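Just so it is clear, the model here is predicted, and its values are computed rather than measured. So that the names make sense, note that chain A is the first sequence line, chain B the second, and so on, each numbered from 1.
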Protein chains: 2
Amino acid sequence: MTDPLTDSAGVPPSDTPKRSDARRNQAAILAAAGRVFARSGVNAPVREVAAEAGVGMGTLYRHFPTRADLVVALYRHQVEECAEAALALLEQAESPFAALLAWVHQFVDFLGTKHGLGAVWQGDDAGFSALHQLFLDRLVPALAELFAAARASGELVADVRPYELLRAVGDLVAWAPDDPDYDVRRTVTLLVTGLRHELPTPRPPAPDPTSPPR
Amino acid sequence: MTDPLTDSAGVPPSDTPKRSDARRNQAAILAAAGRVFARSGVNAPVREVAAEAGVGMGTLYRHFPTRADLVVALYRHQVEECAEAALALLEQAESPFAALLAWVHQFVDFLGTKHGLGAVWQGDDAGFSALHQLFLDRLVPALAELFAAARASGELVADVRPYELLRAVGDLVAWAPDDPDYDVRRTVTLLVTGLRHELPTPRPPAPDPTSPPR
DNA sequence: TCCTCAATAGGAACAACGCTCCGCTTCTCG
DNA sequence: CGAGAAGCGGAGCGTTGTTCCTATTGAGGA
């Protein structure tokens with residue numbers, strides 16, 4: 001896995017006519033964030049990151065207005081890799097569905113290593129857009145590719161959209177910390193397995209509140 | 001559904017030789033919490049609850065040391081009801097599996113109405129035990145009943161434990177806010193559908209623990 | 001009825017955190 | 001080399017969780 005600390009600063013040199021010290025600080029912050037997040041989770045106090053980087057709060061906030069911005073910058077590469085892996089898996093795996101399952105598990109592994117990433121991924125409130133958007137832009141298309149292939153091979157039957165699955169897996173993994181009695185991978189497998197069937201009636205018990213169907 | 005605000009105070013009168021004002025305050029806090037939680041979610045500031053109840057911080061903390069304690073006291077009845085519904089559904093539904101699906105959806109509805117309950121349900125940290133334990137004690141056995149029936153009828157094949165499913169559903173619902181593009185009920189249905197199949201190889205592509213992607 | 005005291009109430013105060021604001025510093029370019 | 005602007009740092013504000021200590025009050029006994 002590419003190390004975001006060394007090749008850090010997801011900033012293309014071209015669109016950055018910034019001052020040298022600014023660039024230096026941005027890199028320092030990213031490096032520090034990598035260490036702090038790995039040590040204390042992505043919810044570590046912002047102050048801690050600033051301190052570790054040896055910069056002031058203002059500096060940190062100028063470069064990364066929200067925590068999600070920081071996380072996005074750090075993990076962008078990995079998301080890219082994850083997306084690109086889809087095609088490779090399609091060729092390697094013995095069937096499109098197997099590739100799908102494998103890819104999803106790879107995604108689980110990715111999310112799983114960053115404890116607490118889930119909080120950002122699902123986006124409590126504001127930071128929402130940043131990371132969520134990145135995931136959507138890159139990962140949904142990748143998964144769509146796998147879906148199409150698996151559907152063509154007849155293994156995927158359920159009328160489920162890639163986004164739905166991705167989101168579900170994200171939610172599932174978001175909170176799967178250190179419970180020895182619970183293995184998310186199994187659950188995810190179960191979920192993917194469900195794709196082989198047609199979904200039962202859209203609204204099973206349908207209590208019908210105020211919301212119109214569809 | 002019984003209203004925890006009116007029949008509030010999940011305190012049996014017998015084991016409560018407390019002072020009258022203590023009882024009164026406890027009830028006031030519960031009532032206030034019901035209103036505040038409904039209005040601002042279960043993560044509403046503790047102060048707000050105290051203010052709404054017209055008591056001091058100390059009083060609130062004496063009665064409910066953690067936020068989870070408060071939530072548990074408030075929703076205990078509903079959890080009980082949910083658990084008891086299992087048997088009824090088993091008789092009504094056309095098949096054990098249908099009952100299982102229906103029950104899970106009922107559970108989803110229950111969790112769904114309390115926005116933010118998920119945060120407490122999954123237990124970020126300390127408050128963990130309280131609510132989580134309540135759910136486990138009451139709901140897992142109920143679900144186990146349904147599992148046994150569905151397994152006997154041959155509809156449930158996957159080697160999955162009730163706890164796993166319950167937990168998965170909980171995680172799924174925990175963060176299903178107001179996204180018009182995503183309906184948890186569908187995902188949950190998908191998950192339950194997966195139960196009809198045998199789970200694929202226990203560890204699909206997980207050979208190497210050190211390098212996640214690749 | 002009144003007294004006493006332990007249980008209880010109340011809320012000020014502390015700590016941790018997110019975020020903003022503004023005077024000072026340092027780079028860059030002519 | 002000098003001036004202007006870009007960037008920096010951290011004090012400080014608002015919010016929330018949690019604790020602590022003192023004043024209050026209910027309830028049983030004289």
Side-chain angles (χ1 to χ4, degrees), chain A residues 9 11 13 15-33 36-37 39-72 116 119-120 123-131, chain B residues 9 11 13 15-33 36-37 39-72 116 119-120 123-131:
Chain A
V11 207
D15 71 5
T16 315
K18 300 177 147 197
R19 259 168 51 171
S20 60
D21 53 347
R23 275 196 306 272
R24 206 178 326 127
N25 272 329
Q26 173 149 336
I29 292 173
L30 273 176
V36 172
F37 284 177
R39 187 198 322 139
S40 319
V42 287
N43 286 314
V46 180
R47 276 174 168 74
E48 202 176 325
V49 176
E52 174 99 16
V55 304
M57 297 291 299
T59 306
L60 198 164
Y61 269 93
R62 167 130 17 75
H63 287 298
F64 305 98
T66 82
R67 178 189 305 276
D69 290 327
L70 200 45
V71 177
V72 167
V120 184
D124 309 52
D125 36 339
F128 166 75
S129 47
L131 188 57
Chain B
V11 208
D15 71 5
T16 314
K18 301 178 146 193
R19 261 168 48 172
S20 60
D21 55 344
R23 276 196 306 273
R24 206 177 329 126
N25 271 328
Q26 173 150 335
I29 292 173
L30 273 176
V36 172
F37 285 177
R39 189 200 318 140
S40 319
V42 288
N43 287 314
V46 181
R47 275 173 170 72
E48 202 175 326
V49 176
E52 175 99 15
V55 304
M57 296 294 299
T59 306
L60 199 164
Y61 268 93
R62 175 193 322 285
H63 288 299
F64 306 98
T66 82
R67 178 189 305 277
D69 292 327
L70 200 46
V71 177
V72 166
V120 184
D124 309 52
D125 36 339
F128 166 75
S129 49
L131 188 58

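Looking only at side-chain heavy atoms (C-beta outward), Arg24(A) and Arg19(A) stay at 4.5 Å or farther from each other. Here the side chains of Phe37(B) and Asn43(B) are not in contact, with every heavy-atom distance at 4.5 Å or above. In this structure, the side chains of His63(B) and Leu30(B) stay at 4.5 Å or more apart for every pair of heavy atoms.
Side-chain atoms of Arg67(B) do not come within 3.5 Å of backbone N or O of Pro45(B) as any donor-acceptor pair.
For the pair Leu60(B) CG and dA12(C) P, the computed distance is 16 Å after rounding to whole Å. Put simply, CZ on Arg23(A) is 12 Å from P on dC27(C), counting in whole angstrom units. Rounded to whole Å, atom P of dA6(D) lies 18 Å from atom CZ of Arg24(A). Separating the CD1 atom of Ile29(B) from the P atom of dT8(C) is a distance of 13 Å, rounded to the nearest angstrom. Between Leu70(B) atom CG and dT18(D) atom P there is a gap of 12 Å when expressed in whole angstrom units. For the pair Tyr61(B) OH and dT16(D) C1', the computed distance is 8 Å after rounding to whole Å. The interatomic distance linking Asn43(B) (CG) with dT16(D) (C1') rounds to 12 Å, in whole Å.
Listed pair Thr59(B) / dG10(C) meets the phosphate criterion, a side-chain N or O lying under 4.0 Å from OP1 or OP2. In this structure, Arg19(B) does not reach the dA27(D) phosphate: none of its side-chain N or O atoms is under 4.0 Å from OP1 or OP2. Distances shown here put every side-chain N or O of Arg47(A) at or beyond 4.0 Å from the OP1 or OP2 atom of dA16(C). At dG17(D), one or more side-chain N or O atoms of Arg67(B) fall inside 4.0 Å of OP1 or OP2 (strictly under the cut-off). His63(A) has no side-chain polar atom (N or O) that falls below the 4.0 Å cut-off from OP1 or OP2 of dG7(D).
Of the candidates dT8(C), dG10(D), dG11(C), dT8(C) carries the atom nearest the Arg62(B) side chain, counting heavy atoms from C-beta on.
Between Asn25(B) and Asp21(A), it is Asn25(B) whose nearest contact on DNA chain C lies nearer the 5' terminus. Comparing Val46(B) and Ser20(B), the nucleotide of DNA chain D nearest to each residue sits closer to the 5' end for Val46(B). Judged by closest nucleotide on DNA chain C, Ala44(A) is the one of Ala44(A) and Gly58(A) placed further toward the 5' end.
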Pair Phe64(A)-Val72(A), side-chain contact (heavy atoms from CB on, under 4.5 Å): steps then yes or no: CA-CA 10 Å; Phe64(A) 305 98; Val72(A) 167; over 6 Å; no
